[in-house]
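It should be emphasised that the depicted structure is a prediction, and the values quoted were computed from it without experimental measurement. Chain letters run A, B, ... following the sequence lines, proteins first, then strands; residues in each count from 1.
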Amino acid sequence: MSPTPPQKPERSEPTIGKETPVPSNFIRSIVEEDCRTGKWDGRVATRFPPEPNGYLHIGHAKSICLNFGLAADFNGTCNLRFDDTNPLKEDVEYVDSIKEDVRWLGFDWQDREYYASDYFQQLYDYAVQLIHKGLAYVDDLNADEIREYRGTLTEPGRESPWRNRPVEENLDLFHRMREGEFPDGSRVLRAKIDMASPNLLMRDPTLYRIRKASHHRTGDAWCIYPMYDFTHCLSDSIEHITHSVCTLEFENNRELYDWVLARLDVYHPQQIEFARLNLTYTVLSKRKLIALVENGVVQGWDDPRMPTISGMRRRGYPPEAIRNFCDRIGVARRDSLVDFALLEFCVREYLNRHAPRVMAVLDPLKVVIENWPEGRTEEMEAVNNPEDPAAGTRKVPFSGTLFIERDDFREEPPRKFFRLAPGREVRLRYAYFIRCTDVIKDPDTGEVVELRCTYDPETRGGDAPDGRKVKATLHWVSASHAADAEVRLYEHLFAEERPGEAADFLTTVRPDSLRTVAAKVEPGLTGAEPGSRWQFERLGYFCVDPGDGESGRLVFNRTVTLRDTWAKIAKKTKISG
RNA sequence: UGGGGCGUCGUCAAGUGGUAAGACACAGGAUUUUGGUUCCUGCAUUCGGAGGUUCGAAUCCUCCCGCCCCAGCCA
């Protein structure tokens, strides 16, 4: 007998459009006002400027949705620009993953893929201009000395002895820095601003440093590299960005950007800062995420427990849900910690409407129907998605030997436990009512190893002609027809709501964030497409692992559980599940 | 204790002088062949605190308190 072919799995088509209108926020208001007054001639040009030194995470998604969303809604453009000014930390692996993730999230930068490294010559020329104007100088102080001279939060800094070198000497030295005449760390180019500024970033910030390292894009063409602050504001200027949206910690840098752009007398975008995203039970700092990967706490950047876009993709989070989440959390200037439950809500909301239902038993308990005709198999008709009539129905084989969920049986049922127990009758979804007549245990361990039941032939499909009711409906799988699958059950990676606040966040990692079980799934799932998303009825949403499904093995990652009212009752009444 | 920011429900978040939206979470209840979904209902007499201005303040003023960011040749 050939099993029903897999249903059409739920898959996301990348879309640029919004599912629901985006709630407004102070940045949209500014953009709206600027369009109204014609401040930028009605132009809206944003950009998403990642450094290719790590994978994108949900915090980046907030910025991506904001910047691309602004562009889409105001008929503008959003550039993808890599701020790749530090060859020591950056790599093409990261630029590739970033592009893939932005695309997967549903955004399109068309031909506007830029790299700060493409501006190196122009940036160099700008630096020379500053030197000409007496606004930048080559400093021979080393890193330690520069730090000493900088002063502290409460004390002004001191001027470097090299600060007042003649322009010609600075020009010559800077040129020779570029030519590779000096070793790494021996000299830097600094802006000549104000060593007594209360804003430390204005105390003669470094503009260029010597780094004889090859760059993933420019190779060995350069041995001096511009600093982020100098590069970033000028890159925005070069690209004629109108609204340079960034996170709050760059507010202090704005004074420096204003200084650079004003002294160079170039196009001057408007910077607007917003609060970065923080999520409960997770960390979002690049440093900490790298630590998780490098310490082997997780299996890689795309481990389903990671808050990275690639991790969430592998976990089964649909891009639509992530976008919706980003729209719901809002954009404001106050520090915030968003409840992870909101993300899960968005995931469930989307998956409820789109994921086909299927039956799978994660912790199988054998059930033998004693009055079932020997060798008989029936095809039960099951609804693919009650939320979507167009999803149709499928056939699921039923026989006299089944598996049900071990959690669905209790020898001594506690109060409010509606599921199977000795003598009790329940419904098997889309099949028959069954009644438990006997419990078979392992004589040594006392563990329940099998249930003997009888079925009522009158209840085919799940309704009793005599109108009698049952209080529970259980999912099941026919033992001889079921397919084997490995199912990975994920929990939060961290035990603490704010792991980042622990002295050592690695100590808050849960040892049980991943549990792997051998499950029995309905035969139609055989050959399910990698990345496809399903609802295992009564359990949760699961996604076929895109990577580990080779050699015909079926591997599912649990995306998120269904809301579980029983678990809440059980917990509340101190009944262990 | 220099400078820059921020403080509205458990968590996000509207509100910009006229008498506290919405969402998540949570708690009840209805419907249900997923203890799912859906649907009702409840959930800030109060906006970090104290004064003041005003007929009227979360919104204006003053002082105070708390939290975040900045001392990379990282971004």
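Residues A:Arg419 and A:Leu337 both approach RNA chain B. Their nearest nucleotides, taken by heavy-atom distance, put A:Leu337 toward the 5′ side. Checking A:Asn142 against A:Val338, the closest nucleotide of RNA chain B that is more toward the 5' end is the one next to A:Val338.
For the ring-ring contact (aromatic ring centres under 6.0 Å, His included) test with A:Phe398, the passing option among A:Tyr430, A:Phe403, A:Tyr432 is A:Tyr432; the others fail. For the pairing with A:Met202, the side chain to side chain contact (heavy atoms under 4.5 Å, CB included) check across A:Asn252, A:Ile193, A:Asn253 returns one residue only, A:Ile193. Here the options are A:Trp222, A:Phe120, A:Tyr115, the test is ring-ring contact (aromatic ring centres under 6.0 Å, His included), and the partner is A:His215; only A:Phe120 passes.
Rounded to whole Å, the C1' atom of B:U45 lies 14 Å from the corresponding atom of B:A58. Between the P atoms of B:C6 and B:A20, the separation comes to 26 Å (whole Å). Rounded to the nearest Å, the gap between the C1' atom of B:C67 and that of B:C61 is 24 Å.
Base pairing of B:A44 is not made with any nucleotide, judged by Watson-Crick or G-U wobble geometry with both donor-acceptor distances under 3.5 Å. The partner of B:C6 is B:G66, judged by Watson-Crick or G-U wobble contacts that both fall below 3.5 Å. In this structure B:A13 sits in no base pair that meets the Watson-Crick or G-U test at under 3.5 Å. When both pairing distances are held under 3.5 Å, B:C39 makes a Watson-Crick or G-U pair with B:G29. Using Watson-Crick or G-U wobble geometry with both donor-acceptor distances under 3.5 Å, B:A58 finds no partner in any strand shown.
One finds no side-chain N or O of A:Ser336 lying less than 4.0 angstrom from the OP1 or OP2 phosphate oxygen of B:U11. OP1 or OP2 of B:G72 has at least one side-chain nitrogen or oxygen of A:Arg150 nearer than 4.0 Å. Applying the 4.0 Å criterion to OP1 and OP2 of B:G36, one finds that A:Thr565 has a side-chain N or O inside that range. An OP1 or OP2 oxygen of B:G35 is reached within less than 4.0 angstrom by a side-chain nitrogen or oxygen of A:Arg538. For A:Arg209, a side-chain nitrogen or oxygen approaches OP1 or OP2 of B:A75 to under 4.0 Å. Contact annotation: A:Arg427 does not reach the phosphate of B:U34 (side-chain N/O to OP1 or OP2, under 4.0 Å).
A:Ser63 and A:Asn67 share a side-chain donor-acceptor pair at under 3.5 Å. Between A:Tyr228 and A:Asn86, the side chains place no donor N or O within less than 3.5 Å of an acceptor N or O (distance only, hydrogens not considered). A donor and an acceptor atom, one from each side chain of A:Glu491 and A:Tyr281, are nowhere located under 3.5 Å apart. If you check the side chains of A:Gln535 and A:Glu537, you find no donor sitting under 3.5 Å from an acceptor.
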Check nucleotides 24-28 of chain B against the protein and report each pair of N or O atoms closer than 3.5 Å, with its distance, or say if there are none.
from: B:C26; atom 1: OP1; to: A:Lys568; atom 2: NZ; distance (Å): 3.3
from: B:G28; atom 1: OP1; to: A:Lys572; atom 2: NZ; distance (Å): 3.3

Expected rows: protein N/O vs nucleotides 1-5 of chain B N/O, under 3.5 Å:
from: B:G2; atom 1: N9; to: A:Leu153; atom 2: O; distance (Å): 3.2
from: B:G2; atom 1: N2; to: A:Pro198; atom 2: O; distance (Å): 3.0
from: B:G2; atom 1: N3; to: A:Leu153; atom 2: O; distance (Å): 3.2
from: B:G3; atom 1: N2; to: A:Asn252; atom 2: OD1; distance (Å): 3.1
from: B:G3; atom 1: N2; to: A:Asn252; atom 2: ND2; distance (Å): 3.3
from: B:G5; atom 1: O3'; to: A:Arg333; atom 2: NH2; distance (Å): 3.3

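Atom pair A:Arg334:CZ and B:A58:P shows a separation of 16 Å (rounding to whole Å applied). Note: CD (A:Glu249) to C1' (B:A75) measures 9 Å, nearest angstrom. Taking atom CG on A:Leu207 and atom P on B:A75, their separation rounds to 12 Å, with Å as the unit. Distance A:Glu344 CD to B:U11 P: 18 Å, rounded to the nearest Å. Atom CG in A:Leu56 sits about 18 Å away from atom P in B:A75, given to the nearest Å.
Within 90° of 0 lies the glycosidic angle of B:G72, which makes this nucleotide syn.
Within the model, atoms CZ of A:Arg394 and CE of A:Met359 stand 6.0 Å from one another, a figure rounded to the nearest 0.5 Å.
In this structure, A:Lys89 reaches the sugar-phosphate backbone alone: every heavy-atom distance under 4.0 Å involves primed, P, OP1 or OP2 atoms, never a base. Among the heavy atoms of the strands, none lies under 4.0 Å from A:Val426. Nucleic acid contact for A:Asp139: none, since no nucleic acid atom lies under 4.0 Å from a heavy atom of the residue. Looking at heavy-atom distances under 4.0 Å, A:Tyr208 makes no contact with the nucleic acid at all. Counting non-hydrogen atoms under 4.0 angstrom, A:Asn253 reaches a base of the nucleic acid. Counting any heavy atom pair closer than 4.0 Å across all strands shown, A:Ser197 reaches no nucleic acid atom. Residue contacts shown for A:Ala143 include a base, since a base heavy atom lies under 4.0 Å away. Within 4.0 Å (heavy atoms only), A:Ile146 reaches at least one base atom of the nucleic acid. Nucleic acid contact class of A:Thr206 (heavy atoms, under 4.0 Å, all strands): sugar-phosphate only. Using a 4.0 Å heavy-atom distance criterion, A:Arg147 is classed as a sugar-phosphate-only contact. Residue-level contact check: A:Leu277 touches neither bases nor backbone, having no heavy atom under 4.0 Å from any strand. Contacts of A:Pro386 with the nucleic acid, taken as non-hydrogen atoms under 4.0 Å apart, include base atoms. Residue contacts for A:Glu387: at a heavy-atom cut-off of 4.0 Å it reaches a base atom on one of the strands shown.
Within the 3.5 Å criterion, the main-chain N or O of A:Asn199 finds a donor-acceptor partner in the side chain of A:Ser197. Proximity of a side-chain donor or acceptor of A:Asn385 to a complementary backbone N or O of A:Pro356 within less than 3.5 Å is not detected.
For CZ of A:Arg498, the number of neighbouring non-hydrogen atoms (other residues, nucleotides, ligands) closer than 6.0 Å is 12 at most.
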